[in-house]
Q: 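Got a structure here, written out as structure tokens. Questions coming.
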Number of protein chains: 2
Amino acid sequence: MFEARLIQGSILKKILDAIKDLVTDASWDCSPNGMSLQAMDTSHVSLVSVSLNSDGFDKYRCDRNLTLGMNLISLSKIIKCAANDDTIIIKAGDGGDKITLLFEAQNESEVAEYEIKLMNLDSEYLGIPDTTYNVTIKMPSNKFQRICRDLSQIGDAVTISCAKDGVRFGAAGDLGSGSIRLAQTATSDKPEDSVTISMQEALCQSFALKYLNHFAKATPLSAQVTLSMSPDVPLGEPLLFNVCVVEYNISDNDDENPSTIGFIRYYLAPKIDDTDES
Amino acid sequence: MFEARLIQGSILKKILDAIKDLVTDASWDCSPNGMSLQAMDTSHVSLVSVSLNSDGFDKYRCDRNLTLGMNLISLSKIIKCAANDDTIIIKAGDGGDKITLLFEAQNESEVAEYEIKLMNLDSEYLGIPDTTYNVTIKMPSNKFQRICRDLSQIGDAVTISCAKDGVRFGAAGDLGSGSIRLAQTATSDKPEDSVTISMQEALCQSFALKYLNHFAKATPLSAQVTLSMSPDVPLGEPLLFNVCVVEYNISDNDDENPSTIGFIRYYLAPKIDDTDES
DNA sequence: CGGTACGTAC
DNA sequence: GTACGTACCG
């Protein structure tokens, strides 16, 4: 028996918006600690990881571990049937082949019930690197989204150059080139708008904007985004251990005392400057 | 060395929106007096002229005359990367093959820098007629845009009939016909909404709505538009000397004391009632 | 200026 | 049907 209740159902809508264009099928792993999902994107280039703590739910019960494989496009369609202010309840029986979603309106006079068929998905093991990142950039998520969108006009890849006092996002293409420089903000600035850089050594890496634009769809989840990177490791090291992590906290925003109930992390390998690729 | 600084960068965004669908490539002529651009539209039917006075900029320096040929679609893409409240700085070196655009955010902690490659464009001489127009109609620009859009539903051409007390815009087509009559407003009305007619003799001419709809994209630049025309000259006279001019002033709107910093003018020959054309 | 909504293009 | 860009509204 599994049951999870989230008063602020709009959080689930935002999570689905943030991953459904990247991953079509995935399994939610449910344990007494919470629900989580890991999956490669369709082109097997990036990796998405969602984690929701059990104590972030308004009610959470998980008698034994479950793996709920499903089509995320279908889940997204169903979740869109909930109003933004609905309470969402996810239910699953042990060993069942479906989950039930309940959408309760605030006045409780209306309840919608949807069922989604589950799928048996090959549970590919996803080795998420347990790396310590030397460079961490925390910045307004809408600014990050805007920068990625703007630079997509210029080229396919963004080059991120980071120093202690600021970070530069650059791109180049047929029509010219562009770059945006952000200075680290004073600590007195309000937290939402702050740009915070934490680093041991300078860094310069390139990433495919196509994926970053997909990641940036998580912007409604959090006012700030955290980019974590490490300078290039020596050639020959496996690429998976040298990635960029784009992380958004999932918070209960409507509450008077907002609390983080989980996170969504995207992992992307840097684009190697290889003249072979067009 | 050329440098022009415009605090209200949104003006440049509006100018590009007003011309990019009509002209793909064009040269900006920069002189100590200001920047200007003249170009025929892609189908060589209409003519666009943009002029920005040097004293309309917040800083302007032009050591020697420059011709900056560029793709306006590319320029428009880059300009879209500026926020509406950014300050835009245009820089060009003498004889360089690129210009630099700087977008400064209001808080100055963010600076974007874009470079656009320049092109060598054939500088076709554009004989802009130095005509005195006998009929001038000044009216709200949004009303003109709406009339052109509405009449496009009816037919391909608008017939403008003007008398001292008012003007009529008419069109006819397969599904029927339509016409809008505007009376000259009392002088007491507020300037933005006023309709002002100045003329020596009555006039009736037709114009292709396709082009007028393109011209009307300059509507965000100015609350009023001026249509200038002359009655038909005798047959046999060259058509270029008998055109309609659609003019929008370019103003610094946000300022407490708004000032005109330039204009955008569109020239279009009347559509001759010729049964040969379909 | 940010968010939502609509319309268009893929 | 989905995703993007544009337009309007708050």
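Sequence lines set the chain letters: A, B, ... in the order given, protein chains first and strands last, and positions in each chain run from 1.
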Q: In whole Å, I'd like the distance from the CZ atom of A/Phe144 to the C1' atom of C/dG2.
A: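 Between C1' of C/dG2 and CZ of A/Phe144: 19 Å.
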
Q: Specify the separation, in whole Å, of atom CG of A/Asp17 and atom C1' of C/dT4.
A: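 Between C1' of C/dT4 and CG of A/Asp17: 13 Å.
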
Q: Among D/dG1, D/dC4, C/dC1, which nucleotide has an atom closest to any side-chain atom of A/Lys77?
A: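 The answer is D/dG1.
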
Q: To the nearest Å, give me how far apart CZ (B/Arg149) and P (D/dT6) are.
A: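 B/Arg149 atom CZ is separated from D/dT6 atom P by 18 Å.
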
Q: For B/Lys13 and C/dC1, give me the distance from atom NZ to atom P, rounded to whole Å.
A: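 It is 9 Å, rounded to the nearest whole Å.
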
Q: Counting C-beta onward and ignoring hydrogens, is there a side-chain heavy-atom pair between B/Thr42 and B/Leu22 closer than 4.5 Å?
A: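 Sidechains of B/Leu22 and B/Thr42: no contact.
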
Q: Counting heavy atoms from C-beta on, name the nucleotide in D/dA3, C/dC1, D/dG5 closest to the side chain of B/Asp85.
A: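 Side chain of B/Asp85 sits closest to C/dC1.
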
Q: What is the distance, to the nearest angstrom, from the NZ atom on A/Lys80 to the P atom on C/dA5?
A: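 After rounding, the reported distance stands at 12 Å.
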
Q: Assert yes or no for the condition that the ring centre distance of A/Phe215 to A/Tyr248 is strictly below 6.0 Å.
A: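 No, the ring of A/Phe215 stays outside the 6.0 Å limit from the ring of A/Tyr248, centre to centre.
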
Q: Checking B/Asp58 side chain against B/Ile7 main chain: does a donor-acceptor pair fall under 3.5 Å?
A: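 Pair found, side chain donor or acceptor close to backbone of B/Ile7.
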
Q: Please identify which of these residues, A/Lys13, A/Lys14, A/Lys20, meets the salt bridge (Lys or Arg N to Asp or Glu O under 4.0 Å) condition with A/Asp17.
A: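 Looking at A/Lys13, A/Lys14, A/Lys20, the match for A/Asp17 under the salt bridge (Lys or Arg N to Asp or Glu O under 4.0 Å) is A/Lys20.
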
Q: Which nucleotide in the list D/dG5, C/dC1, D/dA3 gets nearest to the side chain of A/Gln153?
A: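 My answer, after comparing the listed nucleotides, is D/dG5.
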
Q: Rounding to an integer number of Å, can you tell me how far A/Asn142 CG sits from C/dG3 P?
A: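 Between P of C/dG3 and CG of A/Asn142: 7 Å.
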
Q: What is the separation between atom NZ on A/Lys210 and atom C1' on D/dC4, rounded to the nearest whole Å?
A: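 From A/Lys210 NZ to D/dC4 C1': 15 Å.
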
Q: Give the rounded distance in Å between these two atoms: NZ of B/Lys217 and P of D/dT6.
A: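 That distance rounds to 12 Å.
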
